[in-house]
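Following: one structure in structure tokens, then a few remarks.
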Amino acid sequence: MSNLIVHGGTPLRGRITPSANKNAVLPVLCATLLTWEPLRLHGVPDITDVRKILDIFRTLGSDVHMDHETGTLELHHRETTFDASLHRLPEEMRSSIMLVPPLLARFGVARLEDNVKGCTLGVREIDPHVEVFQRFGGEVERTEGSLLVRSKGRLTPTDHWLDYASVTTTENFVLCAAAAGGTSTLTNAASEPHVQEFCRFMAMIGVRIEGMGTSRLTVHGNGALKGGEFRFDEDFHEITTFLALGAITGGDVVVRNSAPENFPLLDRTFAKFGVQIEHADGWSRAIRTGPLKVQTPFTSNVLTKVEAAPWPYFPVDLLPIFIALGVRAQGNAMFWNKVYDGALGWTGELSKFGAHVFSSDPHRLITFGGNPLTPAVVESPYIIRVAIALFMVAASIEGKSEIRNAAPIRRAHPRFVENLRSLGVQVEWTSEE
């Protein structure tokens, strides 16, 4: 079931409790291998990437008890084993690379498949990760179809300065530093909310981290990490997605949000398209009193811009969501992806709805919004929120549309279709004919 059929034109109305952030859950799951003590995690989403990591844990001999109804996961890695000649880490998910540090810490060796990858966002090098492994004393060897990483004894602490603020490289540094004896420091660290959440989990199991939420992290390695309980926050990506769905369809969607402190820039970005966000009593709502309309900048002769880059910039993962709003809003806006060089190639699909979008270069595009749109059959690339952005446009147009290859949505958003139906949308998964 890889395609989404939607009968659009219905304003979405209702309340949504979002799931946890995939990009917080996956590194935390990898980090659980660092401790021999039992752990209980609450709010674990039932998504494909989680299932893949839990499957590898079972293959390695860990005790895994997952209640998908309650989102409660109990893990105990006391009997875990790893054989680099037999065991393969999950492919088609970028987070597999974060299993390397805990495997090095426990077994002195890890094997990573050459074709490990995530969404098709352009070239996503692993060199920064290799450099981190080497800085901590790991030896990296390229073999046929895979990379072998080995360590001779315990990892050694180090100081490092990243070329750019990479989320997964930051998390890999913290994982290595937690397993090393002594103090390690990282400069130009990523500071996204999901990175902070990951660091809070690491602190819970006994790793002392200074500078959480900043670009400089100091990690004090600890040989005896503990177990415990941890509850995940709501995913700010999913919160924003459902607020945007309410706005683009002219509805009224209220979304659970326990961390509105992460939203000032997102709120201002919504306002650029005529949408006001209200936060009250742990819930957030998108308020649209008229048609979507791009707000005119105070400075004359410039376009309204949405510039996406590492936090605390506007989050690059959410750029497609706002491109969808730009297509539907009256006026013109520029969208600038400062991170990935292959993330905007999908916008030609918007023309099938009748949208006018101009690609300035691989990193920038302009929407000329407000044109009448018609239902269409469109093809999504393997990018989670591009599939959602295409769905958003379809949901705002009266009539039947189809988003093909929308399965990546399941990598991040459990019960996505069920949530949409609860808001009044007629939508269903279907297979290729």
Side-chain angles (χ1 to χ4, degrees), residues 4-18 237-257 263 266-280 283-296 304 306 318-333 335 349-357 367-376 378 385-403 406 409 413 416-428:
L4 277 177
I5 302 291
V6 56
H7 296 267
T10 301
L12 276 66
R13 302 185 187 279
R15 287 186 172 237
I16 292 291
T17 298
H237 292 125
E238 189 164 304
I239 294 167
T240 304
T241 296
F242 278 103
L243 291 174
L245 276 161
I248 201 170
T249 61
D252 183 17
V253 177
V254 184
V255 189
R256 180 72 184 167
N257 183 3
F263 278 74
L266 288 167
D267 294 347
R268 286 167 49 206
T269 306
F270 270 113
K272 290 181 179 182
F273 300 91
V275 180
Q276 303 303 313
I277 303 298
E278 177 185 273
H279 305 286
W283 296 83
S284 298
R285 164 182 269 141
I287 300 170
R288 177 183 142 188
T289 56
L292 293 172
K293 185 176 182 180
V294 178
Q295 304 303 293
T296 303
T304 292
V306 179
L318 289 174
L319 199 62
I321 303 302
F322 283 81
I323 290 172
L325 287 176
V327 163
R328 294 302 273 153
Q330 299 173 11
N332 309 327
F335 298 85
E349 294 299 306
L350 293 169
S351 65
K352 295 178 180 178
F353 293 113
H356 184 184
V357 178
T367 57
F368 300 87
N371 296 325
L373 303 184
T374 55
V378 294
R385 265 159 286 275
V386 168
I388 293 176
L390 293 170
F391 174 85
M392 283 175 56
V393 174
S396 71
I397 304 168
E398 187 172 351
K400 178 183 175 181
S401 292
E402 181 176 358
I403 294 86
I409 292 173
H413 300 286
F416 184 70
V417 164
E418 291 83 353
N419 281 330
L420 290 170
R421 287 174 180 158
S422 75
L423 299 175
V425 181
Q426 187 179 344
V427 58
E428 61 183 328

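Heavy atoms only: backbone and side chains are in, while hydrogens, waters and symmetry mates are out. For clarity, every value in this text was computed on a predicted model and none was experimentally measured.
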### Task
Carefully, step by step, assess Leu423 and Val253 under the rule side-chain contact (heavy atoms from CB on, under 4.5 Å).
CA-CA 8 Å; Leu423 299 175; Val253 177; 4.2 Å; yes

### Message
If the condition is side chain to side chain contact (heavy atoms under 4.5 Å, CB included), which residues does Ala329 pass it with, not counting sequence neighbours?
### Response
Phe273, Leu292, Val294

For residues [X] and [Y], determine if any side-chain heavy atom of one lies less than 4.5 Å from a side-chain heavy atom of the other.
| X | Y | result |
| --- | --- | --- |
| Leu4 | Ile409 | yes |
| Asn257 | Phe263 | yes |
| Leu350 | Ile323 | yes |
| Leu266 | Ile277 | no |
| His279 | Asp267 | yes |
| Thr241 | Ile321 | yes |
| Arg328 | Leu373 | yes |

If you measure from [atom1] on [X] to [atom2] on [Y], what distance do you get to the nearest 0.5 Å?
| X | Y | atom1 | atom2 | result |
| --- | --- | --- | --- | --- |
| Gln276 | Arg268 | CD | CZ | 12.5 Å |
| Ile388 | Thr240 | CD1 | OG1 | 11.0 Å |
| Glu402 | Ile5 | CD | CD1 | 3.5 Å |
| Ile397 | Thr374 | CD1 | OG1 | 6.5 Å |
| Glu238 | Thr17 | CD | OG1 | 10.0 Å |

Mind listing the closest non-hydrogen atom pair of [X] and [Y] along with its distance?
| X | Y | answer |
| --- | --- | --- |
| Ala324 | Val393 | CB-CG2, 3.8 Å |
| Leu325 | Ala244 | CD2-O, 4.1 Å |
| Pro375 | Gly399 | CG-CA, 3.8 Å |
| Val327 | Ala355 | CG1-CB, 3.5 Å |
| Gly369 | Asn332 | N-OD1, 4.1 Å |
| Ile239 | Pro18 | CG1-CG, 3.6 Å |

#### Entry: His413 versus Asn419, side-chain donor and acceptor atoms under 3.5 Å
no

### Glu418 bridged to Arg421 by N-O distance under 4.0 Å
no

For [X], check side-chain hydrogen bond (donor to acceptor under 3.5 Å, both in side chains) against everything at least two apart and list the hits.
| X | result |
| --- | --- |
| Arg285 | Asp252 |
| Ser401 | none |
| Lys272 | none |

### Message
Donor-acceptor pair, distance only, cut-off 3.5 Å: does the side chain of Arg385 make one with the backbone of Pro320?
### Response
no

### Message
Checking the side chain of Thr249 only, and the main-chain atoms of Leu12 only, is there a donor and an acceptor separated by less than 3.5 Å?
### Response
yes

### Message
Check this for me: Lys293, atom NZ, are more than 12 non-hydrogen atoms of other residues, nucleotides or ligands nearer than 6.0 Å?
### Response
no

### Message
Does atom CD (Glu398) have a neighbourhood of more than 12 heavy atoms from anything else shown, all under 6.0 Å?
### Response
no

### Query
With Arg256, which residues qualify under salt bridge (Lys or Arg N to Asp or Glu O under 4.0 Å), at least two apart?
Glu234

### Message
Using 30° and 60° as the class boundaries, would you call the ring planes of Phe416 and Phe242 parallel, tilted or perpendicular?
### Response
tilted

### Task
Kindly determine whether Val427 and Val417 satisfy side-chain contact (heavy atoms from CB on, under 4.5 Å), including the steps that lead there.
CA-CA 7 Å; Val427 58; Val417 164; 3.9 Å; yes

### Message
Please enumerate all residues that pass ring-ring contact (aromatic ring centres under 6.0 Å, His included) together with Phe270, with sequence neighbours excluded.
### Response
Phe322

